[in-house]
Amino acid sequence: MNPNADMLSKIIIYIAVMLLLFISFLLALILNQRKKIQHQRDIEKLREAQQNQLIEAAVRSEETERHRIAETLHDEVGAILSSSKLHFLGIKTETMDTKDKNLHEKGNELLDEAIKKVRGISHNLHSSILKEFGLNEAISHFMNSITKSTLLKSTITLDENYTTQNTENDISIYRMIQELVNNIMKHAKATEISITSKYLNNELDFSIDHDGSGLSQSQFEEMRFKKEGLGLKNIQNRIILLRGGILFTKDSEGNSIKIKVPVNYPA
Amino acid sequence: MSNLLRQIFNWAEVWALLIPFPFIFPLKKTKTLRPVTYYVFVSLIIYLIINIISNQKSFNIDLHLHSNVLIYNINSIIRLFLLSWYFISLRQPFFVNTKKVLPWIFASFVFVFFLFEPINGKYLNSTLHIVETGLLLLYCIQYYFFLLKEEQPSFARLPSFWVVTGLSIFVVVNFPIYLFYDTVIKLDTPTARLLWDIHKPAFIIFCICLAKAFYESKR
């Protein structure tokens, strides 16, 4: 064999071997990195699942506690108040003088108000309306009850095509709207509020618009980490649990809170 | 036709360096690849000179410098300096001071070599090139080992990964060439010339990888 050709083929073999080694090394490096990323993703998923479980447990226990308080108020405090009312009605007023009659009347009025309040609070805490009549009816009922005794004007336009698919999820949506509306009344000092919903492609979109002094997304992000921002933290927890999204916008035309929830997601 | 293709292939070291050019600009966006940018610019000039020297007969010029061996060695020193600078700038805490000193030692060896060798020497001293490619190969291996430890979501997005991969292919191919170059040249010069035909595709791949690195650094 020609020594030059022999040498040339030897060099080519060396180059090929070195290239092969390098490519194998590179492949091993890439595979190792992919494995690492997969491992990280698995850990991330596990962490997320654990976080969701914790949030779910917190939300559920909060809901259970609300029910317990609502039932205690309705069945015990409500019953005592109703019984007091009966006893109160049993008092003969004919023999009383005008001053005592006035006091009796005032007491009677206060008792009526207390019974009404206890009923209102227990209905608010309990999700019986939601369970019986659905989310739309529960929101309408809630809005009517809070605007009845205030100067707040409300407009509610809810998509009638939406029917409850998961009651637990609807309770979470309802609680978020309750919390947001309460916040708007308490902190934003709004005079007008509008709630609209749209149900499309298995996604329920809510828009809460008001004319008060609202929050921007960055303010919401900042406040939900503060101690006093417990309500906002709960909203965020429920959003995580529902795998949805919330967006606060604030501009010269008004304030808006948009909530997006995938409704076919199992809780 | 085949002659034209041969000529194009012979000038591969020059035109291949034009591949990264569209991705280098604007220079502000490729700041992290500054040493590599300088390498592309300087190498383009050097390879242009090298090719003009070796083709001066066909251009009907006489440059009084009939061998491009010296320029190849200057290119080798510049490459080691700029790529050492690049590897230092990657902030991988591995032999940083050695990387700073090695190019100077290498440059002084080349200087000593040319003290005893004629400037118009006919053949390339492969030992100097073996040292250079060996050092660059070590830099590359060290880079990959540090990459193993890092938490990178995707290597393909790293400009440094493309620079080092291109350089690795280049040095992996060139290392055996320089290793046997002296032996081959003693046996037969045309065979030694054939070795450069293997070197050139490796250089083209290196330049394509540099283009990708510049593209990634701008993203």
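Worth knowing before you read on, the calculation uses all heavy atoms, side chains too, and leaves out hydrogens, waters and symmetry mates. Lettering of chains follows the sequences in order, A, B, ..., and the numbering in each one begins at 1.
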Below 4.5 Å from any heavy atom of chain B, which atoms of [X] appear? Answer side chain, backbone, both or neither.
X       : answer
A:Tyr14 : both
A:Leu29 : both
A:Ile30 : both

Exactly one candidate in B:Tyr39, B:Phe175, B:Phe203 meets ring pair (Phe, Tyr, Trp, His ring centres under 6.0 Å) with B:Phe170; the answer is B:Phe203
Going by an N to O cut-off under 4.0 Å, is there a salt bridge joining A:Arg68 and A:Glu65?
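Answer for the salt bridge query: yes.
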Presence of salt bridge, A:Glu179 and A:Arg175, under 4.0 angstrom:
no
Does B:Ile177 reach the side chain of A:Ile15, with side-chain heavy atoms less than 4.5 Å apart?
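Yes; the side chains approach each other to less than 4.5 Å.
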A:Ile259 vs A:Leu180 side-chain heavy atoms within contact, under 4.5 Å:
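A side-chain contact under 4.5 Å exists here.
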Taking 4.5 Å as the heavy-atom cut-off, does anything in residues 32-39 of chain A contact chain B, and if so which residues?
A:Asn32, A:Gln33, A:Lys36, A:Ile37
Who passes salt bridge (Lys or Arg N to Asp or Glu O under 4.0 Å) against B:Glu13, sequence neighbours left out?
none
State, to 0.1 Å, how close A:Ser197 and A:Asp159 come at their nearest heavy-atom pair, and which atoms those are.
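Looks like OG-N, 2.8 Å.
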Sort B:Ile198 into side chain, backbone, both or neither according to what part of it lies under 4.5 angstrom from a heavy atom of chain A.
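The side chain, not the backbone.
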A:Ser256 and A:Lys258: side-chain donor and acceptor closer than 3.5 Å?
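Yes, side-chain donor-acceptor contact under 3.5 Å.
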